[in-house]
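Here is the structure we will look at.
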Amino acid sequence: MRKKIVIGNWKMNNDSFETKTLLNKLKKYDFKNDVTIMVSPSFTNLQNSVIYLNDSKIEVIAQNVNESEKGAFTGEVSSSMLKSIGVLRSIIGHSERRLYYNETDNILKKKIYNALKNELKIIFCFGEKISDRKNNQQFELVNNQLSNTLLDLNKSDWENIILAYEPVWAIGTGENATPKQVQEMHFHVRNWVKINYGSKISNTVPILYGGSVKPNNASEIFSQPDVDGGLIGGASLNHNDFIEIINSF
Ligand code: 13P
């Protein structure tokens, strides 16, 4: 039985005060189901969030991490820096990082390997653009994104990996992939893991969907057999919507 997971990726939103206000609302809510909940505030709010959520089951994760151990990389943050403040997991490969900060598969592979080497768990994002889907090349594109980054891992690394399918055309657009499209891709990805790492790992690796998940579509998406939860952007900034999404399982 795989874990159910819902993650709020706050992106570059919420200052220190807004972060605390939102965390307070989430912290006070009595979640009845067994969903693993994570939130991803900005770097400046990570440490306070960890302290603030100390007695809560909500995990605080980073939105990004550098591929090097340490050194002259102005403005960057390392795995060990995150771990030293109690952040044990980071998103890697979000399409906004690929698009606006030129993070190529080659860089992302380094980020993945360096994070895992430093015992930082990862959520690895991938997904096609609208042009790929229009040309019916979404499966090939995702195959390439996975093969360029995730081959050559140790089997034991997979305990520390969550995959997140986020079609670029569905992010922040209000146009979610249909539950059928999501299931098709998640099945495809699980099969990629099976071919490369065997069925034990493919049956256990969590695969999340991200892209315009809202209270009104979450339950149908989450009920697909190969979907283990969601990576939520806009709707995670509103505590009522985020809670409703978590309760959609
Ligand atoms: P939206 O939920 O705003 O579409 O964003 C999804 C996302 O990018 C999560 O990482």
Side-chain angles (χ1 to χ4, degrees), residues 4-14 18-19 22 26 35-43 45-46 49 58-65 82 87 89-103 108 111-112 115 120-130 132-133 138 141-142 145-146 149 161-179 181-182 185-186 189 206-222 224 227-249:
K4 301 166 184 152
I5 303 168
V6 176
I7 304 175
N9 175 11
W10 295 354
K11 309 188 180 183
M12 200 173 73
N13 294 292
N14 290 339
E18 290 161 333
T19 296
L22 183 47
L26 297 176
V35 177
T36 300
I37 305 165
M38 303 179 198
V39 291
S40 193
S42 65
F43 278 132
N45 290 309
L46 284 177
S49 300
I58 302 171
E59 180 182 341
V60 179
I61 68 168
Q63 298 176 17
N64 183 30
V65 64
L82 292 174
V87 173
R89 198 186 303 261
S90 179
I91 296 171
I92 290 179
H94 193 282
S95 65
E96 287 148 17
R97 304 264 352 144
R98 294 177 190 252
L99 184 65
Y100 304 134
Y101 303 99
N102 303 320
E103 293 193 359
L108 296 175
K111 289 194 177 210
I112 292 167
L120 187 78
K121 298 176 187 175
I122 65 162
I123 293 141
F124 181 62
C125 305
F126 53 87
E128 81 282 0
K129 296 194 184 118
I130 191 64
D132 305 311
R133 189 159 277 271
Q138 64 273 22
L141 191 280
V142 164
Q145 287 179 325
L146 299 177
T149 50
I161 297 175
I162 294 171
L163 298 177
Y165 168 55
E166 296 206 304
V168 179
W169 51 272
I171 296 178
T173 59
E175 187 195 348
N176 62 287
T178 65
Q181 287 172 324
V182 177
M185 184 57 85
H186 282 223
V189 170
I207 310 178
L208 313 183
Y209 167 76
S212 297
V213 177
K214 307 288 177 200
N216 65 3
N217 59 26
S219 112
E220 207 185 341
I221 293 172
F222 293 172
Q224 302 302 310
V227 177
D228 302 305
L231 184 49
I232 321 298
S236 71
L237 298 171
N238 174 298
H239 70 278
N240 286 323
D241 286 354
F242 192 52
I243 289 169
E244 211 176 319
I245 290 170
I246 294 165
N247 287 336
S248 298
F249 271 104

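Counting starts at 1 for both ligands and their atoms, in listed order.
Any N or O atom pair closer than 3.5 Å counts here, and G233 shares at least one such pair with ligand 1. Considering backbone and side-chain N/O atoms, T173 never comes within less than 3.5 Å of an N/O atom of ligand 1. Considering backbone and side-chain atoms together, G172 places an N or O closer than 3.5 Å to an N or O of ligand 1.
Listed by chain and number, the residues in a side chain to side chain contact (heavy atoms under 4.5 Å, CB included) with N13 are K11, L237 (sequence neighbours excluded). Residues satisfying the salt bridge (Lys or Arg N to Asp or Glu O under 4.0 Å) criterion with E166, sequence neighbours excluded, are absent altogether.
Compare E166, K214, K11 by their heavy atoms: the one nearest to atom 5 (O) of ligand 1 is in K11.
Remark: minimum distance from atom 3 (O) of ligand 1 to any protein heavy atom is reached at G234 N, 2.8 Å.
A heavy-atom separation below 4.0 Å is not found between C125 and ligand 1.
Between H186 and Y165, the ring planes are perpendicular. Angles over 60° get that label, and only those under 30° would be called parallel.
One finds a salt bridge joining E128 and R133 here, because a Lys/Arg side-chain nitrogen approaches an Asp/Glu carboxylate oxygen to under 4.0 Å.
Here the options are E96, H94, K111, the test is side chain to side chain donor-acceptor pair (under 3.5 Å), and the partner is N64; only K111 passes.
When non-hydrogen atoms are compared, ligand 1 lies under 4.0 Å from the side chain of N9 (C-beta onward) but not from its backbone.
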